[in-house]
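Heads up: the structure comes next, in C-alpha cells.
Every chain is numbered from 1 and lettered A, B, ... according to where its sequence line falls, protein lines coming before strand lines.
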Number of protein chains: 2
Amino acid sequence: MTEKQENILSAALKLFAEEGFSATSTSKVAKAASVSEGLIFRHFGNKEGLLNALLDLGQEKAKLVYSNVIFETDPKELIRKAIQLPFNVAKEDHDFWRLQFKLKWELNKYNEASWEPLQVAMTNAFKKLKYKNPEMEAEYIKHFLDGLVGAILRGSPIDDIKMTNFLLDKYQL
Amino acid sequence: MTEKQENILSAALKLFAEEGFSATSTSKVAKAASVSEGLIFRHFGNKEGLLNALLDLGQEKAKLVYSNVIFETDPKELIRKAIQLPFNVAKEDHDFWRLQFKLKWELNKYNEASWEPLQVAMTNAFKKLKYKNPEMEAEYIKHFLDGLVGAILRGSPIDDIKMTNFLLDKYQL
DNA sequence: GTAAAGTAAGTGAGTACTTACATATTAAAT
DNA sequence: ATTTAATATGTAAGTACTCACTTACTTTAC
C-alpha cells in the first residue's frame, strides 16, 4: 500500500460519504488526492473497485464495533452497549458509516444482514431478562437504533446524554 | 396540465424513486414518458424543476397523512394512528415516500422538520397519558418510525400484524 | 534491468440543456 | 362562420461539457 494509494482511499471515502458515490467523479477524487486520474484505475480497476476497497476496509472496523456488543455475556450490559452504539459510531469512523447509510439508498448492494448478529444477541439478552416478547423487542430496538444513527449521521442535533439516560431508565439498566 | 406533462411526472417519480435523482438522466425520463427530451425543459425549466414539481405534488399527500394523526384528540388513538403510519405509507404513495427517503441521503435539501408537527402531537399525547418523559418518549418513537419506514421502503420483509400487536401491547393501547 | 508506480493526453459515450422549427389550440376580428 | 393572429405545446438535432476509462509513455524502487 503506497502513500498515493492511501491518499486515494481517504479522499474517496470523504467525497463518497459527503456527496455520494454516483455524484463523485473519479477526476474529483484524483484531484482531492493530488494524483493522476489514471492511477485510480491502475490500482482499483474501476470506480466500483475503489468503492469495494473502501467497504472492505470498513467492514473490519464494523466487526470490531459489533463484536464488542455481541460477545458481552451480561444481558443488561449488552443492551447498554447496544444503546451506546449510535453515539460511538458518530464519533469514530463517521465517514465510513455515513457512506454505508448513503449506499443502502443509493445502491441495492446494501448488506441488510450486517445487523443480524446484533439482533440475535439482543434477542438472547431480552430472553435472559425475561421480556415477554424478546424477538420483537430486539427488532423494535433495531429499527430505533437504525433511525437514530441515521439522524446523527445526517447532522441532527441530538442530546446524547438525555437520550442515553432516557433509554437506561426505560430498559431499567 | 396536459397528458404528456402527467406522463413526464409519473415516469420521473418512478425512475427517481427506483434509481435515484442523480442516477436518472433526463433522456431516460423522456423515453419512459414517450416524449421528446426538450419538452421536459419546456415545462419544468430544468431537471431540478422537475424534481420540485414532484415534491410539491407529494407534499399535499403528505399533509393529508400527517393531519389525520395530528388532529386526533384522543391520545391513545393518536399513538395508535402514528404506529400504523409506516404500514399505510408503504401501501399508497410508495414511490413518493421512497423518493423522499432517498433524497434525504442524496441531497441535503431534506425537510427534517416535516416530522416535527407529528413529534409535537405525540409529545402532547404522551403528556396526557401521564408518561414520565413525554418529550423523549416522542423522540424515541419518532426514530423508531423513521427506521421502520426506511426498512419497509427498502423492501425488508416485516410482519406488520406481529409488529402492530407488539406495539399496541407495549403502549397499552 | 525488470517490474511496479505514476502521469498526460487522449477516447467514445452520455450529460443537462438549447435552438430552430413545426403543429395544435385558442381567441379576436371580420 | 370563417379567417387571422397569437400563443401554447411539441419535436429533432444540435450544443458544450463531463463522465468512466484507456493508451503510450516516463519515473521510481529493488
- Out of C:dC17, D:dA20, C:dT7, which has the shortest distance to the side chain of B:Phe41? C:dC17
- Between D:dA20 (C1') and A:Phe21 (CZ): distance, integer Å: 10 Å
- Item | Ring-face cation of A:Lys61 near A:Tyr66 (centre distance under 6.0 Å, axis angle within 45°) | no
- Task: Measure from the side chain of B:Asn46, starting at C-beta and using heavy atoms only, and say which of C:dT7, C:dC17, D:dC21 lies closest.
- Result: C:dC17
- Query: Hey, does the Lys NZ or Arg CZ of B:Lys132 hover above the aromatic six-ring of B:Phe126, less than 6.0 Å from the centre and inside 45° of the axis?
  - Reply: no
- Query: So, is A:Thr2 close to the C:dG6 phosphate, meaning a side-chain N or O under 4.0 Å from OP1 or OP2?
  - Reply: yes
- Message: Counting the atoms with a prime plus P, OP1 and OP2 as sugar-phosphate, which does B:Gln5 contact under 4.0 Å by heavy atoms, base, sugar-phosphate, or nothing?
- Response: nothing
- Return the value, rounded to whole Å, for the distance between atom CD of A:Glu37 and atom C1' of D:dA20. 7 Å
- Task: Nearest-nucleotide wise, let me know which of A:Arg42 and A:Ser22 is further upstream toward the 5' end of DNA chain D.
- Result: A:Ser22
- Item | B:Met1 CE to D:dT9 P, straight-line distance once rounded to whole Å | 11 Å
- Message: By the 4.0 Å heavy-atom rule, please label B:Thr24 as base, sugar-phosphate, or nothing.
- Response: sugar-phosphate
- Query: Under 4.0 Å between a side-chain N or O of A:Ser25 and OP1 or OP2 of D:dC19?
  - Reply: yes
- Can you tell me if the side-chain N/O atoms of A:Lys4 get under 4.0 Å from OP1 or OP2 in C:dT7? yes
- If only side-chain N and O atoms of B:Ser27 are considered, is one of them under 4.0 Å from the OP1 or OP2 phosphate oxygen of C:dT15? yes
- Compute whether any side-chain donor of one residue and acceptor of the other, for B:Glu135 and B:Thr123, lie under 3.5 angstrom apart. no
- Figure out the CG/C1' separation between B:Leu50 and C:dC17, and round it to whole Å. 14 Å
- Message: Between C1' on C:dT18 and NZ on B:Lys47, what's the gap in Å once rounded to a whole number?
- Response: 17 Å
- OP1 or OP2 of D:dG10 less than 4.0 angstrom from a side-chain nitrogen or oxygen of B:His43, does that happen here? yes
- Item | Nearest-Å distance for atom pair NZ/C1', residues A:Lys31 and D:dC19 | 12 Å
- Message: Using a 6.0 Å distance limit plus a 45 degree cone around the ring axis, check whether A:Lys104 lies over the aromatic ring of A:Phe101.
- Response: yes
- Task: Determine: side-chain N/O of B:Thr26 to OP1/OP2 of C:dA16, distance under 4.0 Å, yes or no.
- Result: yes
- Query: Taking atom P of C:dA5 as reference, at what distance in whole Å does atom CZ of A:Phe44 sit?
  - Reply: 11 Å
- Would you please indicate yes or no on a ring centroid separation below 6.0 angstrom for B:Phe144 and A:Phe144? no
- Message: Please report the distance, rounded to the nearest Å, between CD in A:Glu48 and C1' in D:dC19.
- Response: 16 Å
